[in-house]
Visitor: 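Take a look at the following structure, please.
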Amino acid sequence: MRVFIRPPVESDIPALLDLHCRSRSFHAPWSFPALTQEGCQAYVQRCQADNFQGLLICQQDSGSIIGVANLSQIFYGAFQNAYLGYYADVTYAGLGLMGEGMGLVINYAFSTLTLHRIEANIQPGNTRSIKLVKRLGFRQEGYSPRYLKIDGEWRDHERWALTTEDCV
């Protein structure tokens with residue numbers, strides 16, 4: 001395994017900010033991570049909430065952050081679901097590291113968090129992201145017009161999901 005996952009800590013804020021700034025044009029128009037120290041600090045603090053789990057995907061050899069995965073709106077009880085969001089460092093794009101890291105995130109969600117289902121909502125034009133979830137075994141469940149407001153506009157999304165039964 002070339003990567004590992006871990007939760008972010010305060011000392012990660014400079015590295016996160018650097019990743020976000022360097023990868024800004026790579027992420028747009030799909031994702032807009034924080035571009036200020038305060039925004040990155042708020043993200044790290046949000047990761048302490050019971051219904052949100054932020055995970056850094058890090059390179060095994062160097063410990064460098066190569067991507068971020070977030071499990072948000074975590075529900076337990078009869079639902080046992082979370083929404084998955086993620087983005088990569090442009091420097092490591094296309095090397096297969098995010099796929100490895102996302103496999104670890106999925107395992108963490110199902111085994112450690114004991115979730116039953118993970119849902120990823122992806123804009124139709126984000127072909128790299130769609131290819132990634134397909135490789136990970138997600139199935140397309142639907143299409144949601146004007147689903148999320150991103151960069152000031154309501155954007156359509158495809159709904160992709162994975163359940164524990166899909167991973168057997």
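Computation of the quantities below employed the complete heavy-atom set of this structure, encompassing side-chain atoms and omitting hydrogens, waters and symmetry-equivalent molecules.
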Visitor: Measuring only between side-chain heavy atoms, which start at C-beta, is I106 closer than 4.5 Å to C167?
Guide: yes
Visitor: Looking at T114, is its backbone amide N or carbonyl O close enough to the side chain of H116 to form a donor-acceptor pair, meaning the two atoms are under 3.5 Å apart?
Guide: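 No; judged by distance alone, with no hydrogens or angles, the pair does not exist.
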Visitor: Can a donor-acceptor pair be found between the side chains of Y43 and N70 at a distance below 3.5 Å?
Guide: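 A pair is found: one side chain offers a donor N or O, the other an acceptor, under 3.5 Å apart.
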Visitor: Determine, step by step, whether F138 and I130 satisfy the side-chain contact (heavy atoms from CB on, under 4.5 Å) criterion, reporting the C-alpha distance in whole Å, the side-chain angles of both residues, the deciding distance to 0.1 Å, and the verdict.
Guide: CA-CA 9 Å; F138 282 68; I130 291 170; over 6 Å; no
Visitor: Find out if a path of hydrophobic residues (ILVMFWY) with successive side-chain heavy-atom gaps under 4.5 Å connects L35 to F32.
Guide: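 Result: no, two separate clusters.
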Visitor: Using the rule that Ile, Leu, Val, Met, Phe, Trp and Tyr join whenever any side-chain heavy atoms are under 4.5 Å apart, tell me whether Y86 and I74 fall into a single cluster.
Guide: yes
Visitor: Do I65 and L132 share a hydrophobic cluster, counting only Ile, Leu, Val, Met, Phe, Trp and Tyr and linking them when any side-chain heavy atoms are less than 4.5 Å apart?
Guide: no
Visitor: How far apart are the closest heavy atoms of G152 and K149, and which atoms are they?
Guide: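 Between these two residues, the closest heavy atoms are O-CE, 3.8 Å.
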Visitor: Provide the closest heavy-atom pair for A88 versus H27 in the form atom of the first, atom of the second, distance.
Guide: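 Residues A88 and H27, closest heavy atoms: O-NE2, 2.7 Å.
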Visitor: Y87 and H20: aromatic ring centres closer than 6.0 Å?
Guide: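 Centroid separation for Y87 and H20: below 6.0 Å.
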Visitor: At what distance, to the nearest 0.5 angstrom, does CG of D18 lie from OG1 of T91?
Guide: 8.0 Å
Visitor: Can you tell me how far apart NZ (K134) and CD1 (I122) are? Round to the nearest 0.5 Å.
Guide: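 One gets 10.0 Å once the value is rounded to the nearest 0.5 Å.
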Visitor: Hey, does the side chain of R155 reach the backbone of I150 with a donor-acceptor pair shorter than 3.5 angstrom?
Guide: yes
Visitor: Is it the case that one hydrophobic cluster holds both L84 and F52, taking links as side-chain heavy atoms less than 4.5 Å apart, direct or via other members?
Guide: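 Each belongs to a different hydrophobic cluster.
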Visitor: Check whether any side-chain heavy atom of E153 lies under 4.5 Å from a side-chain heavy atom of R146, and answer yes or no.
Guide: no
Visitor: So Y92 and L95, do their side chains get closer than 4.5 Å, heavy atoms only?
Guide: yes
Visitor: Under the side-chain contact (heavy atoms from CB on, under 4.5 Å) criterion, do L162 and F110 qualify, and how do the steps go?
Guide: CA-CA 10 Å; L162 186 70; F110 290 150; 4.0 Å; yes
Visitor: For residues L115 and L55: do they belong to one hydrophobic cluster (side chain heavy atoms under 4.5 Å, members Ile, Leu, Val, Met, Phe, Trp, Tyr)?
Guide: yes
Visitor: Do P145 and H157 have side chains that get closer than 4.5 Å, going by heavy atoms?
Guide: no
Visitor: Let me confirm one number: the CG-CE distance from L136 to M98, rounded to the nearest 0.5 Å.
Guide: 9.5 Å
Visitor: Once rounded to the nearest 0.5 Å, what's the spacing between atom CG of D12 and atom SG of C40?
Guide: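 Result: 10.0 Å between the selected atoms.
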Visitor: What is the distance from atom CD of Q73 to atom CG of N51, rounded to the nearest 0.5 Å?
Guide: 7.5 Å
Visitor: Can you tell if the side chain of R159 reaches within under 4.5 Å of the side chain of Q140, non-hydrogen atoms only?
Guide: no
Visitor: Taking only residues two or more places apart in sequence, or in another chain, which ones meet R139 in a salt bridge (charged side-chain N to carboxylate O under 4.0 Å, His left out)?
Guide: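 For R139, the residues satisfying salt bridge (charged side-chain N to carboxylate O under 4.0 Å, His left out) (neighbours in sequence not counted) are E141, D166.
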Visitor: Any side-chain heavy-atom pair from P8 and C47 closer than 4.5 angstrom?
Guide: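 Yes, at least one pair of side-chain atoms sits under 4.5 Å.
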Visitor: Answer with yes or no whether the side chains of Q123 and Y147 bring together a donor and an acceptor at under 3.5 Å.
Guide: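 The criterion, which ignores hydrogens and geometry beyond distance, is not satisfied for Q123 and Y147.
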Visitor: Given the rule in the side-chain contact (heavy atoms from CB on, under 4.5 Å) test, do S129 and W30 qualify, once you have shown the distances and angles that lead to the verdict?
Guide: CA-CA 9 Å; S129 218; W30 323 119; over 6 Å; no
Visitor: Does CD belonging to Q60 count more than 12 external heavy atoms closer than 6.0 Å?
Guide: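 Yes, the 6.0 Å shell around CD holds more than 12 heavy atoms from other groups.
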Visitor: Taking all atoms of both residues into account, what is the closest heavy-atom pair of A93 and R128, and its distance?
Guide: CB-NH1, 3.5 Å
Visitor: Within the supplied structure, the quantity of interest is the number of heavy atoms (other residues, nucleotides, ligands) at a distance under 6.0 Å from R24 CZ; does it exceed 12?
Guide: no
Visitor: Testing the basics here: between L113 and Y76, what is the closest heavy-atom pair and its distance to 0.1 Å?
Guide: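 Scanning both residues completely, I find the closest heavy atoms to be O-CE2, 3.0 Å.
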Visitor: How long is the gap from CG on D156 to OG on S144, to the nearest 0.5 Å?
Guide: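 Result: 8.5 Å between the selected atoms.
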Visitor: Please name the pair of heavy atoms, one in E158 and one in Y143, separated by the smallest distance, quoted to 0.1 Å.
Guide: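 Closest approach of E158 to Y143: CG-CD1, 4.1 Å.
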Visitor: May I ask you to check whether N81 and R117 show a side-chain donor-acceptor distance below 3.5 Å?
Guide: yes
Visitor: What's the verdict on side-chain contact (heavy atoms from CB on, under 4.5 Å) for L16 and L56, showing C-alpha distance, side-chain angles and the deciding distance?
Guide: CA-CA 9 Å; L16 282 170; L56 303 180; 3.9 Å; yes
Visitor: When you measure from the side chain of S23 to the backbone N and O of F26, does any donor-acceptor pair fall under 3.5 Å?
Guide: no
Visitor: Below 4.5 Å, heavy atoms only, C-beta onward: do I57 and L97 meet side chain to side chain?
Guide: no
